[in-house]
2 protein chains.
Amino acid sequence: MIDDTLTANRIVEAADRLFYARGVQAVGMDAIRGEAGVSLKRIYSLFPSKDDLTVAVLHRRRDQWNAGIAASAENAETAREKLLAIFDFLDAWFREPDFHGCAFINVFGELSGGSEQVRQQARKQKQAFVDYVAQLVEDAGAPEELGPQIAILAEGAQTTAAILGGPEAAAQARAAAVTLLDSALERNASATAQQPG
Amino acid sequence: MIDDTLTANRIVEAADRLFYARGVQAVGMDAIRGEAGVSLKRIYSLFPSKDDLTVAVLHRRRDQWNAGIAASAENAETAREKLLAIFDFLDAWFREPDFHGCAFINVFGELSGGSEQVRQQARKQKQAFVDYVAQLVEDAGAPEELGPQIAILAEGAQTTAAILGGPEAAAQARAAAVTLLDSALERNASATAQQPG
DNA sequence: TACGATAGAGAACGAACGTTCTCTTGGCAA
DNA sequence: TTGCCAAGAGAACGTTCGTTCTCTATCGTA
């Protein structure tokens with residue numbers, strides 16, 4: 001059917017809402033059927049198991065994250081500004097009323113002893129983010145040690161904002177990133193000044 | 001009974017092992033009974049519900065964390081060294097074979113839509129850590145903005161180490177903390193030099 | 001109108017959960 | 001030895017889960 005994609009989207013969106021609000025294990029397939037307005041048979045014809053549906057939800061989250069990061073980077077000109085734009089994106093996200101953490105971190109905590117597929121999705125997502133930051137750090141002409149440091153700040157801001165509540169962690173992490181960037185670029189500048197070429 | 005405390009400890013230890021390895025929801029009370037070698041009746045006489053047992057497990061984790069942080073700080077003389085000792089403690093922890101994240105973060109992700117008691121425990125634990133870091137930052141004579149920044153680094157290191165696997169995040173976060181500390185103390189020194197007294 | 005395929009609604013299934021209840025055993029006072 | 005209470009083992013209860021199956025209604029085609 002041509003509307004398989006449409007229906008699949010509706011199911012994934014419904015599952016995402018419920019999973020994020022209540023946790024994966026706490027949501028039954030029946031609740032997803034109700035939220036999506038789609039029969040169980042149809043759900044299982046599109047997603048062979050709850051695990052597959054969970055992975056599809058994580059794919060959706062990944063796409064949303066990537067789109068959000070890309071959008072925040074669009075208004076930035078330099079690599080340095082693109083790096084800091086990550087924290088502006090986080091800031092806006094933390095202010096959303098139903099924010100309570102990164103879905104990948106949450107799902108990793110929930111299913112760490114369970115689905116290997118899900119664990120792998122979380123790992124791939126976080127690794128991709130580390131790679132994105134590393135590329136920007138290289139573009140900015142900063143030493144590569146800076147990459148993981150900024151990625152750690154972004155991760156820490158997410159868990160801190162989730163558990164303590166409130167968006168302050170984004171600005172705090174951003175300020176730390178500014179200090180790290182300034183320090184790294186300064187050190188780099190003086191190092192290249194000493195041995196040019 | 002005088003061995004109530006002993007038995008309760010045995011139950012909490014068993015539950016901790018299983019909860020941390022598989023997640024709270026994935027572990028049945030029957031499995032805890034088997035692991036602890038204690039009857040269900042006895043478990044329920046000491047812990048009225050699984051939720052209460054979960055809170056007891058988190059209390060134990062809190063005590064272990066506090067003891068570990070305190071021990072790592074003992075070898076340090078200055079407040080600055082005590083702050084950096086946090087990351088040495090994390091480094092050793094990340095290298096433990098069964099490490100897969102902070103139990104509070106994991107449990108928060110798992111039960112965020114569920115038990116209010118558990119969510120509150122996680123919040124209290126993270127807030128206490130923020131307060132501990134803030135005190136050390138004050139002792140070090142650094143501006144208070146530094147406190148949350150270092151706390152965020154520690155949180156980020158924990159999730160990064162858990163999801164990506166490997167202990168590198170501890171050293172990376174430590175290096176960032178050194179930069180932030182140096183920068184803050186430098187700035188503070190020049191500020192007080194400009195307007196002494 | 002008659003018919004075959006499709007898909008919705010939800011009953012049904014076996015397993016597992018948290019919690020309670022029953023049965024049994026063992027140790028101790030008299 | 002007899003009676004009694006504490007506690008262990010695990011059966012039982014009611015619910016909920018992921019998944020499958022049955023029944024029924026609808027629809028396009030002849």
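Scope of the values below: all heavy atoms of this structure, side chains included, with no hydrogens, waters or symmetry mates. A, B, ... follow the sequence lines: proteins, then strands. Residue 1 opens every chain.
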Quiz item: How does protein reach along nucleotides 18-27 of chain C, written 5' to 3' as B (base within reach of a heavy atom under 4.0 Å), S (only sugar-phosphate), or - (no contact)?
Solution: SBB-B-----
Quiz item: Has A/Arg42 got a side-chain N or O lying under 4.0 Å from the OP1 or OP2 atom of C/dG8?
Solution: yes
Self-check item: Atom-pair distance (CZ on A/Phe47; C1' on D/dT19), nearest Å
Solution: 16 Å
Quiz item: Can you tell me if B/Ser72 and B/Asp88 form a side-chain donor-acceptor pair at under 3.5 Å?
Solution: no
Self-check item: Interatomic distance where CG belongs to B/Leu53 and P belongs to C/dC17 [whole Å]
Solution: 15 Å
Exercise. Using the test salt bridge (charged side-chain N to carboxylate O under 4.0 Å, His left out), find all partners of A/Lys126 that sit at least two apart in sequence or belong to another chain.
Key: A/Glu155
Quiz item: Do A/His100 and A/Asn106 have side chains that get closer than 4.5 Å, going by heavy atoms?
Solution: yes
Quiz item: Going by atom types only, do B/Thr54 and B/Asp51 share a side-chain donor-acceptor pair under 3.5 Å?
Solution: no
Exercise. For A/Asp131, check salt bridge (charged side-chain N to carboxylate O under 4.0 Å, His left out) against everything at least two apart and list the hits.
Key: none
Quiz item: A/Gln121 versus A/His59: any side-chain heavy-atom pair under 4.5 Å?
Solution: yes
Quiz prompt | Atom-pair distance (CZ on A/Arg33; P on D/dG18), nearest Å | solution = 13 Å
Practice problem: Measure from CD1 on A/Ile43 to P on C/dA9 and round the result to the nearest Å. | Solution: 11 Å
